[in-house]
Amino acid sequence: GEDVEQSLFLSVREGDSSVINCTYTDSSSTYLYWYKQEPGAGLQLLTYIFSNMDMKQDQRLTVLLNKKDKHLSLRIADTQTGDSAIYFCAERGTGGGNKLTFGTGTQLKVEL
Amino acid sequence: GAVVSQHPSWVICKSGTSVKIECRSLDFQATTMFWYRQFPKQSLMLMATSNEGSKATYEQGVEKDKFLINHASLTLSTLTVTSAHPEDSSFYICSAIGVGTSGANVLTFGAGSRLTVL
């Protein structure tokens, strides 16, 4: 089945850029997503990218997609303490309707 | 935008009792709802997919008699954990997608329900 992997933990200083990486195995992925989860809360969709794109920018967020290497990254510019959370990437393939396969999640800690 | 409400946000129950968790789409009609389970510091595991008016489709390894899912209306799906045991303690999250200006083609997540079984 599909597999989505992420680093478990990332720590950055406030004001620096954060880059969270994700690799996936499903070559038929159509959409790839980044979600943010704060403690005890549900998931908040941050951004998504269609598989025929290689970059998408939305304010402080930049998503890069290398489809050949099946590698997705999320860059957060000027990281703030409020960005501390767990970030999940997810992929949606061509089968299974709107089913998403989630990555293992990366905990981002922003230090002063 | 699309809003999905889950209730309760946290429930503590005794072992052997049943617990019902509700998932409501507030401003759109949810034709499909998904139920996930999340263990601490882990990713989301899809439990089942429910389409309004039909039986839920369960993922492999998920006991359908243990986790009863009902999607009787376009705005409500319920997950009932029957005869709950401590190992069922987890964070349960629903998501919904549907029709309507707010919910069309957008997968929206609820805030999650934490179940603690003593």
Side-chain angles (χ1 to χ4, degrees), chain A residues 1-11 20-26 29-51 58 72 74 84-109, chain B residues 1-11 21 23-25 30-52 54 56-61 90-99 102-116:
Chain A
E2 301 88 354
D3 195 22
V4 183
E5 295 286 338
Q6 296 176 240
S7 300
L8 292 179
F9 182 80
L10 175 67
S11 178
I20 302 171
N21 294 300
C22 172
T23 57
Y24 60 98
T25 58
D26 186 1
S29 294
T30 53
Y31 287 91
L32 295 121
Y33 303 82
W34 282 105
Y35 286 88
K36 176 183 180 183
Q37 185 181 35
E38 297 188 38
L43 272 67
Q44 173 195 354
L45 176 64
L46 290 178
T47 186
Y48 65 93
I49 189 167
F50 189 50
S51 59
D58 183 2
L72 180 74
L74 173 69
S84 293
I86 300 177
Y87 290 80
F88 291 96
C89 66
E91 66 92 20
R92 177 171 138 186
T94 53
N98 291 297
K99 280 169 62 171
L100 301 184
T101 301
F102 283 86
T104 45
T106 299
Q107 181 166 359
L108 173 65
K109 182 178 178 184
Chain B
V3 177
V4 172
S5 170
Q6 265 186 259
H7 177 81
S9 56
W10 191 3
V11 56
I21 300 169
C23 179
R24 292 182 186 272
S25 56
T31 50
T32 305
M33 285 186 169
F34 302 88
W35 286 96
Y36 295 86
R37 183 173 182 177
Q38 185 182 31
F39 290 105
K41 298 188 188 301
Q42 293 189 27
S43 188
L44 280 72
M45 182 192 79
L46 179 65
M47 298 173 68
T49 303
S50 80
N51 294 298
E52 185 268 336
S54 61
T57 302
Y58 289 80
E59 295 298 303
Q60 195 172 9
S90 191
F91 195 54
Y92 293 88
I93 304 176
C94 73
S95 67
I97 192 164
V99 296
S102 299
N105 299 318
V106 175
L107 189 62
T108 303
F109 283 81
S113 299
R114 183 169 305 282
L115 171 63
T116 302

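Owing to the predicted nature of the structure, the values given are computational and were not obtained by experimental measurement. In what follows, chains are A, B, ... by sequence order, proteins preceding strands, each numbered from 1.
Note: B:L44 CG to A:T104 OG1 = 11.5 Å, rounded to the nearest 0.5 Å.
Within the 4.5 angstrom heavy-atom criterion, only side-chain atoms of B:E59, from C-beta onward, approach chain A. Only the side chain of A:Q37 comes within less than 4.5 Å of a heavy atom in chain B; its backbone stays farther off. Of the two parts of A:L8, neither the backbone nor the side chain holds a non-hydrogen atom closer than 4.5 Å to a non-hydrogen atom of chain B. Interface residue A:F88: only side-chain heavy atoms are found under 4.5 Å from chain B. Neither the backbone nor the side chain of A:I86 comes within less than 4.5 Å of any heavy atom in chain B. Using a 4.5 Å cut-off between heavy atoms, A:Y35 touches chain B through its side chain atoms alone. Neither the backbone nor the side chain of B:T32 has a heavy atom closer than 4.5 Å to any heavy atom of chain A.
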Query raised in the report: Do B:L46 and A:K99 pass the side chain to side chain contact (heavy atoms under 4.5 Å, CB included) test, and can you show the C-alpha distance, the side-chain angles, and the key distance before you say yes or no?
Result: CA-CA 8 Å; B:L46 179 65; A:K99 280 169 62 171; 3.6 Å; yes
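More than 12 heavy-atom neighbours from other residues, nucleotides or ligands sit within 6.0 angstrom of OH on A:Y24.
Between A:L43 and B:F109, the shortest heavy-atom distance links the atoms O-CB, 3.5 Å.
Listed by chain and residue number, B:W10, B:I12, B:R114, B:L118 satisfy the side-chain contact (heavy atoms from CB on, under 4.5 Å) test with B:T116 (two or more places apart in sequence, or in another chain). Every side-chain contact (heavy atoms from CB on, under 4.5 Å) that B:Q6 has, sequence neighbours left out, goes to B:I21, B:C23, B:W35, B:I93, B:C94, B:S113.
Looking at heavy atoms from C-beta onward, A:L100 lies in side-chain contact with B:L107 at the 4.5 angstrom threshold.
Between chain A and the residues B:G112, B:S9, B:S43, B:A111, the most heavy-atom pairs under 4.5 angstrom are made by B:S43.
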